[in-house]
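What follows is a set of notes on a single structure, which appears directly below.
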Number of protein chains: 2
Amino acid sequence: MKDNDTKDKILNHAASLLQDRGYNGFSYTHISECLGIKNAAVHYHFPTKSDLGTAMIQRFREQFKSWVAHLETKYNQQADKLLDGFIAIPRSYLNKENLICPLGVLEASFNVLPSSMQKETQGLGQDMRDWLTQILELGRQHHMFHFVGPAEDKALLVSAALQGASFIAGTKSNELFETIVRQIKRDLAIHQDTSKRTTKD
Amino acid sequence: MKDNDTKDKILNHAASLLQDRGYNGFSYTHISECLGIKNAAVHYHFPTKSDLGTAMIQRFREQFKSWVAHLETKYNQQADKLLDGFIAIPRSYLNKENLICPLGVLEASFNVLPSSMQKETQGLGQDMRDWLTQILELGRQHHMFHFVGPAEDKALLVSAALQGASFIAGTKSNELFETIVRQIKRDLAIHQDTSKRTTKD
DNA sequence: GTCTATAACGTGATAGAC
DNA sequence: GTCTATCACGTTATAGAC
C-alpha cells in the first residue's frame with residue numbers, strides 16, 4: 001500500500017469526523033478504527049493532531065481552488081451558474097452524509113484551535129469570500145443580479161447565510177438549507193415585485 | 001450563600017465558556033476554577049454535564065423571552081427598533097467578551113450533544129426565528145421593510161446570516177459583524193437604487 | 001454546600017519491536 | 001508502515017467526611 005493511500009484515507013475520515021462532530025469531537029482512535037488500524041499508525045502519518053488538522057484545511061483549500069478552476073472553465077462568465085457552483089459546496093456535504101461545511105465548523109471552535117489551524121481557517125474563509133465577491137460583481141455587471149452596496153459586503157452576507165444555513169439544516173431538515181438558498185436568490189433577482197409576495201415562487 | 005447564587009454563577013461561567021470554546025471545549029474543572037471551588041461542588045448543583053447544558057439552554061430561552069417582552073413594551077409595533085433589538089443579542093456577546101451567539105455554538109456541535117440538549121437547542125432556534133418572522137412581517141406591512149417571498153423565509157435567511165456573522169467576526173474582526181448587519185439593512189430598505197451602488201452608505 | 005479522595009475512562013502522544 | 005505497550009493527563013462522575 002502506497003504511503004499516500006493511507007494518508008489520504010486518514011484525511012478523508014478525519015474530514016468527515018470534523019464536519020460531523022467538530023474539532024474537539026473526534027480522536028485518533030476514531031480515525032484508526034474507521035481504517036482498521038491502530039491509533040499509533042495515525043501518529044506515524046501525522047505526529048500531532050495539529051499537524052493533521054492543518055493538513056486537512058490545506059486540502060480543503062486545494063479542493064476549493066480546483067473546484068473554482070473547474071467551474072470557471074465550464075461556466076466562463078456565467079455568474080448564475082458560478083453562484084450555483086458555489087452553493088453546491090455546502091449542499092453536497094449536507095446531502096451526502098449530513099455533514100456541515102468545514103469552514104463553519106472550524107470557525108465555530110476557532111478559539112480552541114492551534115494557531116496554525118487558525119491561520120489556515122482564516123485563509124480558507126478569505127479564499128471563499130473573495131471568489132464569491134467576484135461572482136456577485138460579475139453578475140451585477142451582466143445584469144443577472146441586483147443588489148445595493150459593495151459586492152464585498154453582499155458576499156460576506158451570502159457566505160454567512162450559507163454557513164448558518166448548514167447549521168440550521170443540521171438541527172432540523174435539509175430542506176431549510178434549500179429554503180434559505182431560494183431566499184438568497186429572490187433577494188438577488190433583477191425583477192422584484194414592489195407588491196407584497198408572501199407565497200413561494 | 002444562597003443556593004441560587006452559586007447555581008447562577010455556575011450557569012454564568014458555563015455559558016461564557018460554552019460561547020467561547022464550544023460544548024466539548026470546557027470541563028467542570030474550568031468552571032470550578034473560575035469560582036474558586038472544587039469540581040465536585042459543581043456536580044452537587046448539576047449532577048451531569050448534560051443537566052448543566054440543558055439548564056443553560058433553558059435559561060437562554062428564558063432570557064430571550066424576557067428580552068422580547070422588554071422590547072415589545074418599549075418599541076410597540078416599531079419594526080425597525082425591534083429588529084435592532086434582535087440584532088443587539090449577538091452583537092452584545094461579541095462586544096462584551098468576544099463571545100459568539102449560543103445558538104450558533106450549539107448548532108455547530110449538534111450531533112455530539114445529549115438529546116435533551118438537542119431538543120432545547122431546536123426550541124431556542126424556533127423561538128428566535130418565529131419572533132424574527134413576526135418583526136419582518138410587521139415591518140413589511142408598515143412599509144418599513146421591503147423584501148420578496150414569505151417573511152418566514154426571509155427570517156430564516158437573516159437569522160442564518162447573523163449566526164454566520166458572529167462566527168466570521170470571531171475569526172477576523174468584530175467590524176465584519178457590523179458590515180453584514182449593514183448589508184442586511186440595505187437589502188431590507190424600501191428605496192433601493194436601481195443604479196449600481198458600489199460605495200458604502 | 002463544599003470538601004477530599006478516587007474511580008473509570010478517553011485522549012494525545014512516544015518508544016521500540018516487527 | 002504498522003504494531004504492541006505504555007505514559008501522562010484531563011475528564012466525567014461518585015462516595016463519604018465536614
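By convention in this document, chain letters (A, B, ...) are assigned in the order of the sequence lines, proteins followed by strands, and residues within each chain are numbered from 1. The structure presented is a predicted model; accordingly, all values stated were derived computationally and were not measured.
Rounded to an integer number of Å, the gap from CG of A:D8 to C1' of D:dG1 is 15 Å. Between A:H45 atom NE2 and C:dG12 atom P the separation is 17 Å, expressed in whole Å. When the P atom of C:dG1 is taken as reference, atom CG of B:L35 falls 15 Å away, rounded to whole Å. To the nearest angstrom, C1' of C:dA15 lies 18 Å from NZ of A:K38. Atom CZ in B:F46 sits roughly 12 Å away from atom P in C:dT2 (whole-Å rounding).
Both tests do not hold together for B:K154 against B:F145: distance to the six-membered ring centre under 6.0 Å, angle to the ring axis within 45°. Figure legend: cation-pi geometry between B:K38 and B:Y44 absent, as NZ or CZ is not positioned both under 6.0 Å from the six-membered ring centre and within 45° of its axis.
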Test log, rule side-chain hydrogen bond (donor to acceptor under 3.5 Å, both in side chains), inputs A:D51 and A:T48:
CA-CA 5 Å; A:D51 294 327; A:T48 72; 3.1 Å; yes

side-chain hydrogen bond (donor to acceptor under 3.5 Å, both in side chains), that's the test. Do B:Q134 and B:D130 meet it? Break it down for me.
CA-CA 7 Å; B:Q134 282 183 41; B:D130 284 348; over 6 Å; no

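Checked for salt-bridge contact, A:R61 and A:D127 meet the test: a charged N lies under 4.0 Å from a carboxylate O. A salt bridge links A:E175 with A:R182; the closest basic N to acidic carboxylate O contact falls under 4.0 Å.
Taken residue by residue, residues 110-119 of chain A places no heavy atom nearer than 4.0 Å to DNA chain D. For the segment residues 20-29 of chain A, residues with any heavy atom less than 4.0 angstrom from an atom of DNA chain C are, sorted by number, A:F26, A:S27, A:Y28.
Considering only side-chain N and O atoms, A:Y44 lies under 4.0 angstrom from the phosphate OP1 or OP2 of D:dG1.
Remark: B:H30 engages B:S27 in a side-chain hydrogen bond (donor to acceptor under 3.5 Å, both in side chains) (not counting sequence neighbours). A:F86 is linked by a ring-ring contact (aromatic ring centres under 6.0 Å, His included) to nothing, counting only residues two or more places apart in sequence or in another chain. Judged as a side-chain hydrogen bond (donor to acceptor under 3.5 Å, both in side chains), and not counting sequence neighbours, the contacts of A:K185 are A:D84.
Note: B:H70 and B:W67 have parallel aromatic rings, judged against thresholds of 30 and 60 degrees for the angle between ring planes.
Residue B:K49 is classed as a sugar-phosphate contact, given heavy-atom separations below 4.0 Å to backbone atoms only.
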I'd like a list of close polar pairs between nucleotides 14-18 of chain D and the protein, N/O only, cut-off under 3.5 Å.
none

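The aromatic ring centres of A:Y93 and A:F177 sit 6.0 Å or more apart.
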